[in-house]
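Notes for the one structure printed next.
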Amino acid sequence: QVMLVESGGGLVQAGGSLRLSCTVSGRTFSFYAVGWFRQAPGKEREFVAALSWNGFNTYYADSVKGRFTISRDNAKNTVYLQINSLEFEDTAVYYCAARGGSIYRGYRDYNEYNYWGQGTQVTVSS
């Protein structure tokens, strides 16, 4: 059984910072990639960032490049998303996801991911 649990969301002022965590448990030997997606009110789910399971490659959406950083702590089985310079447009529910097996369409496609957490709310205020 594979489980992903997000934490670290909250209410933050624009320009502030936040770090999201995703604890991963279960059988992860066959994992190929982990990623972060978000869904804002009235909008579709969109790609935020991804990391190859071996930790060698990272991928970012243009809207967050330079502000967001994805990383892993292998000892804690945790994936992080460091968010800096928060903007109003960053308000959304943030989900972590994992892919078992190879990526074919690309790291940005949510359909490539097999396992999902339940999400954590990030709200940016003025």
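Count residues from 1 along the sequence.
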**Asked** Applying the 4.5 Å side-chain criterion to the ILVMFWY set and letting contacts propagate, would Trp36 and Val5 be lumped into a single cluster?
**Response** no

**Message:** Are Phe37 and Leu20 connected into the same hydrophobic cluster when the rule is that any two of I, L, V, M, F, W, Y join if their side-chain heavy atoms are below 4.5 Å apart?
**Reply:**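 No, no single cluster joins them.
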
**Prompt:** In terms of the angle between their ring planes, are Tyr32 and Tyr107 parallel, tilted or perpendicular, with boundaries placed at 30° and 60°?
**Reply:** parallel

Would you mind reporting whether [Y] and [X] have side-chain heavy atoms less than 4.5 Å apart?
X	Y	value
Thr91	Gln121	yes
Tyr60	Thr69	yes
Cys96	Val79	no
Tyr95	Glu6	yes
Ser7	Thr120	no
Val24	Tyr115	no
Arg67	Asp90	yes
Tyr59	Phe47	yes

Closest approach of [X] to [Y] (non-hydrogen atoms, all atoms of both residues):
X	Y	result
Ile70	Val34	CD1-O, 4.1 Å
Glu112	Gly106	CG-O, 3.5 Å
Asn84	Ser17	OD1-OG, 3.0 Å

Pairwise distance [atom1]([X]) to [atom2]([Y]) - rounded to 0.5 angstrom:
X	Y	atom1	atom2	answer
Arg72	Asn54	CZ	CG	8.5 Å
Leu11	Leu86	CG	CG	10.5 Å
Leu4	Tyr113	CG	OH	11.5 Å
Ile83	Arg19	CD1	CZ	11.5 Å

**Message:** Does Gln118 have more than 12 heavy atoms from other residues, nucleotides or ligands lying within 6.0 Å of its CD?
**Reply:**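 Counting neighbours around CD of Gln118, 12 or fewer heavy atoms of other residues, nucleotides or ligands fall under 6.0 Å, so no.
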
**Request:** Tell me, yes or no, whether the heavy-atom count around Tyr110 atom OH, taken from other residues, nucleotides or ligands under 6.0 Å, exceeds 12.
**Result:** no

**Request:** Without swapping roles, check the side chain of Ser52 against the backbone of Asn57 for a donor-acceptor pair under 3.5 Å.
**Result:** yes

